[in-house]
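Computed from a predicted structure; not experimentally measured.
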Amino acid sequence: MKKAILIIIAVLAIDQISKIWIKTNFMLGEEVYVFDWFRIHFIENNGAAWGAEIGGKTGKLALTLFRLCAIVGIGYWLYSTVQKKGHQLLVISIALIFSGALGNILDSVFYGVVFDHSNYQIATLFSSEPYGTVFHGKVVDMLYFPMWHGVLPNWIPKFGGQNFTFFNAIFNIADSAITIGVGILIVFGNKIFPKE
């Protein structure tokens, strides 16, 4: 359990420090080139996958409450796996998924009441005029890897001749932890869940 707790604390610390730094140093939409294929690009979203919008404030509240329930389930899965002396890779992957989910939940639950908005200004932490309410904060994303941008060849059905960017997602440390955790489960599934 100590390794799992260390992973969770490390991921949460890196995730929240990076998000708070972005919020207090960048305006929404601001971008810095690290390399041509890697940029820091500040966006916010309501927390659904790929920044999807879901049903206004009610949908946002439902998503946040669902995530809070899910994090309890993931926490129980982690505790149960440790108690049953589950495979170390399983413990690591669940800890990564848990910490990533919790990192994005913190944004959704608290950022609306501790920051003011980032539109055309740099946000203030512990603002007297916050941009939202509890459970209605926006998730901060900043990692952008547009590895290739160009026009797709005309011979590709439906998409030929269109502008295309590979890899177009903008994400954060929490998203990365969830992805790595799920990736471990997929790649090492036979080792983690041996057939009896």
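No more than 12 heavy-atom neighbours from other residues, nucleotides or ligands sit within 6.0 angstrom of CG on Asn190. The number of heavy-atom neighbours closer than 6.0 Å to CD of Gln88, taken from other residues, nucleotides and ligands shown, is 12 or below. No more than 12 heavy-atom neighbours from other residues, nucleotides or ligands sit within 6.0 angstrom of CH2 on Trp155.
With no hydrogens or angles considered, no side-chain donor-acceptor pair links Tyr131 and Asn119 at under 3.5 Å.
Taken from CZ in Phe42 to OG in Ser118, the straight-line distance is 3.5 Å, to the nearest 0.5 Å.
For the pair Met142 and Phe171, the minimum side-chain heavy-atom distance is 4.5 Å or more. Using a 4.5 Å heavy-atom cutoff, the side chains of Thr24 and Thr124 are not in contact.
Each of Tyr33, Phe167, Phe38 was compared with Phe145 under the ring-ring contact (aromatic ring centres under 6.0 Å, His included) criterion, and only Phe38 meets it. Considering Asp141, Asn104, Asp15 in turn, Asp15 is the only one that fulfils the side-chain contact (heavy atoms from CB on, under 4.5 Å) rule with Ile173.
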**Request:** Assess whether side-chain contact (heavy atoms from CB on, under 4.5 Å) is satisfied between Phe193 and His87, documenting all intermediate values.
**Result:** CA-CA 8 Å; Phe193 306 109; His87 197 284; over 6 Å; no
**Prompt:** Is there a salt bridge (Lys or Arg N to Asp or Glu O under 4.0 Å) between Lys19 and Asp107 once you walk through the steps?
**Reply:** CA-CA 9 Å; Lys19 288 172 177 175; Asp107 297 23; 3.1 Å; yes
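Ring geometry, Tyr79 versus Tyr76: the interplanar angle falls from 30° to 60°, so the pair is classed tilted.
Under a hydrophobic-cluster definition in which Ile, Leu, Val, Met, Phe, Trp and Tyr are linked whenever side-chain heavy atoms come within less than 4.5 Å, directly or via other members, Ile71 and Val134 are assigned to the same cluster.
In this structure, Trp77 has its ring center no closer than 6.0 Å to that of Phe98.
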